**Student:** 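Take this structure, written in structure tokens, and hold onto it; I'll ask about it next.
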Amino acid sequence: MKPSQEAAPRRGLPPEAPAGAGVGTAFGTFGELLQGVLPEENGDFLVTLPVARWTRAAFRPDPDMDELVVRPHRKRKALRLARMIVDEAPEPTGGVLTLNSVIPEGKGLASSSADLVATARAVGQALGLPMPASRIERLLARIEPTDGVLYPGIVAFHHRSVRLRAVLGSLPAMTVVGVDEGGAVDTVDFNRIPKPFTVADRHEYARLLDRLAGAVRSRDLAEVGRVATRSALMNQPLRHKWSLDRMREICREVGGLGIAVGHSGTTLGVLLDATDPACPHRATAAAKACTELTGGVAVYRTLSFPNALRTEPVPRVGV
């Protein structure tokens, strides 16, 4: 399956890029539906939960410039990636890379991954360089562990080795009523932490991945919620969420599907079936309870991808 730059609705997006610039977009995620380690070599993996929050990158080449400039200046990883791509171009050039994003940073919402994927697409478009998934993965692997946001759909992705495991497909839209426990987490630093998972844990992650693949295939949101909640609980020894128990109670009180978390971040969210006529009522009740818990709440909408056909079945690991 070839990745595409998903057409993003005007609502909630950063401003248009200047005329003549190469443009790229990438969506963020609400944490992950599942993240852990499988009983195999280089088994670290995650399963994405795409949401309607985007990064837009614009790159304007300027042969009269001696260097590349990024705006805002703190986006150093995106600048590094742009330099790598320009160095591979037949005619190296200077230029200005501008990033606009509505994805909160350091929260486990794939903001850095979205920045990098959007940058690769923008610079590639401006310089006439094809940017297939394999090329983007190769480039990103030289920078940091990366989410699977370069692929449309829900995917199982080996984030540390930056390679696709399988496209699982798409789900009906969900509403996520989310909270932020505060602070920020650096992805690179987090992935240096040794994983305390046992052999039994690794086999459980294999079973959970198999369950989740089946749930996406059958569009079973209740099972998706159960797997996501279990993954959140198993992640507690690695990145403890003090509000998880109360969020699970809120989920039960409002009739939610389960809890999704930013496994390497600070966010948690109650998953709700957006096609349920009672969803607005459930979301309002969840938002009220979440506000009382943390003092703030943000509501997200997951993305559906009608053309996200599954690739080969998720490889079964001996369990």
Side-chain angles (χ1 to χ4, degrees), residues 8 12-14 25-36 46-57 72 74-78 99-119 140 143-150 154 157 159-160 174-193 228-229 231-236 238-244 246-248 250-251 258-272 283 286-287 289-291 293-303:
L13 268 176
T25 63
F27 54 78
T29 68
F30 192 90
E32 301 81 24
L33 288 172
L34 175 63
Q35 181 170 325
L46 57 79
V47 177
T48 57
L49 180 58
V51 294
R53 298 286 178 98
W54 283 268
T55 289
R56 185 195 300 277
R74 70 178 184 278
K75 301 287 189 177
R76 306 301 299 175
K77 294 174 186 176
L99 289 166
N100 290 285
S101 182
V102 292
I103 307 172
E105 297 179 7
K107 305 298 183 182
L109 304 182
S111 63
S112 182
S113 296
D115 285 352
L116 293 174
V117 171
T119 293
L140 269 55
I143 296 178
E144 68 173 8
T146 304
D147 209 314
V149 299
L150 67 163
I154 295 172
F157 196 79
H159 53 289
R160 297 186 70 178
M174 290 184 284
T175 295
V176 187
V177 181
V179 300
D180 177 10
E181 292 188 339
V185 178
D186 182 272
T187 301
V188 175
D189 289 343
F190 176 83
N191 277 281
R192 291 194 183 109
I193 300 172
T229 302
S231 185
L233 290 167
M234 292 183 69
N235 195 63
Q236 285 291 76
L238 189 60
R239 177 69 191 173
H240 184 77
K241 304 287 195 299
W242 60 262
S243 63
L244 179 57
R246 177 57 186 142
M247 288 292 285
R248 293 176 67 202
I250 292 171
C251 182
I259 301 294
V261 303
H263 291 70
S264 61
T266 64
T267 51
L268 307 86
V270 176
L271 300 175
L272 301 170
C290 287
T291 300
L293 176 63
T294 63
V297 65
V299 179
Y300 300 78
R301 177 91 168 191
T302 67
L303 294 172

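As a basis for the values below, the full set of heavy atoms in this structure was taken, side chains included, without hydrogen atoms, waters or symmetry mates. Numbering starts at 1 and runs along the sequence shown. Small disclaimer: the values here were computed from a predicted structure and weren't measured.
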**Student:** Taking only Lys NZ, Arg NE, NH1 and NH2, and the carboxylate oxygens of Asp or Glu, determine whether Lys75 and Glu105 approach each other closer than 4.0 Å.
**Tutor:**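 Between Glu105 and Lys75 there is a salt bridge, with a charged N closer than 4.0 Å to a carboxylate O.
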**Student:** Can you find a heavy atom in the side chain of Ser243 that is under 4.5 Å from one in the side chain of Leu268?
**Tutor:**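 The answer is yes; the side chains approach within 4.5 Å.
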**Student:** Between Val270 and Ile259, is any pair of side-chain heavy atoms under 4.5 Å apart?
**Tutor:**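 Val270 vs Ile259: side chains touch.
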**Student:** List the residues meeting salt bridge (Lys or Arg N to Asp or Glu O under 4.0 Å) with Lys77, not counting sequence neighbours, and say none if there are none.
**Tutor:**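 Lys77 satisfies salt bridge (Lys or Arg N to Asp or Glu O under 4.0 Å) with Glu144 once adjacent residues are dropped.
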**Student:** Has the side chain of Ser231 got a donor or acceptor atom that lies under 3.5 Å from a matching backbone atom of Gln35?
**Tutor:**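 Such a contact is found between Ser231 side chain and Gln35 backbone.
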**Student:** Looking at side-chain heavy atoms only, is the closest gap between Leu49 and Leu271 below 4.5 Å?
**Tutor:**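 Leu49 reaches Leu271 side chain to side chain.
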**Student:** I'd like to check Leu99 versus Arg56 (side-chain heavy atoms, cut-off strictly below 4.5 Å). Are they in contact?
**Tutor:**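 No, side chains not in contact.
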**Student:** Can you check whether Leu140 reaches Val117 side chain to side chain, under 4.5 Å on heavy atoms?
**Tutor:**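 They are in side-chain contact.
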**Student:** Hey, is the main chain of Lys107 close enough, under 3.5 Å, to the side chain of Thr267 for a donor-acceptor pair?
**Tutor:** yes
**Student:** Side chains of Arg53 and Ser111: closer than 4.5 Å at any heavy-atom pair?
**Tutor:**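 Side chain of Arg53 against side chain of Ser111, heavy atoms only: no contact under 4.5 Å found.
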**Student:** For Ala184, is there any backbone N or O sitting under 3.5 Å from a side-chain donor or acceptor partner on Thr266?
**Tutor:** no
**Student:** Would a distance-only check, ignoring hydrogens and angles, find a side-chain to backbone donor-acceptor pair under 3.5 Å from Ser101 to Ile103?
**Tutor:** yes
**Student:** Between Arg248 and Leu233, is any pair of side-chain heavy atoms under 4.5 Å apart?
**Tutor:** yes
**Student:** Just so I know, are the side chains of Trp242 and Thr294 near enough to count as touching, which here means a heavy-atom distance under 4.5 Å?
**Tutor:**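 Yes, their side chains come closer than 4.5 Å.
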**Student:** State whether the side chain of Asp147 and the backbone N or O of Ala110 hold a donor-acceptor pair below 3.5 Å, judged by distance alone.
**Tutor:** no
**Student:** I'd like to know if the side chain of Thr302 reaches the main chain of Met174, judged simply by a donor and an acceptor atom lying under 3.5 Å from each other, with no hydrogens or angles considered.
**Tutor:**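 Yes, the answer is positive, given that a donor and an acceptor are paired below the 3.5 Å cut-off.
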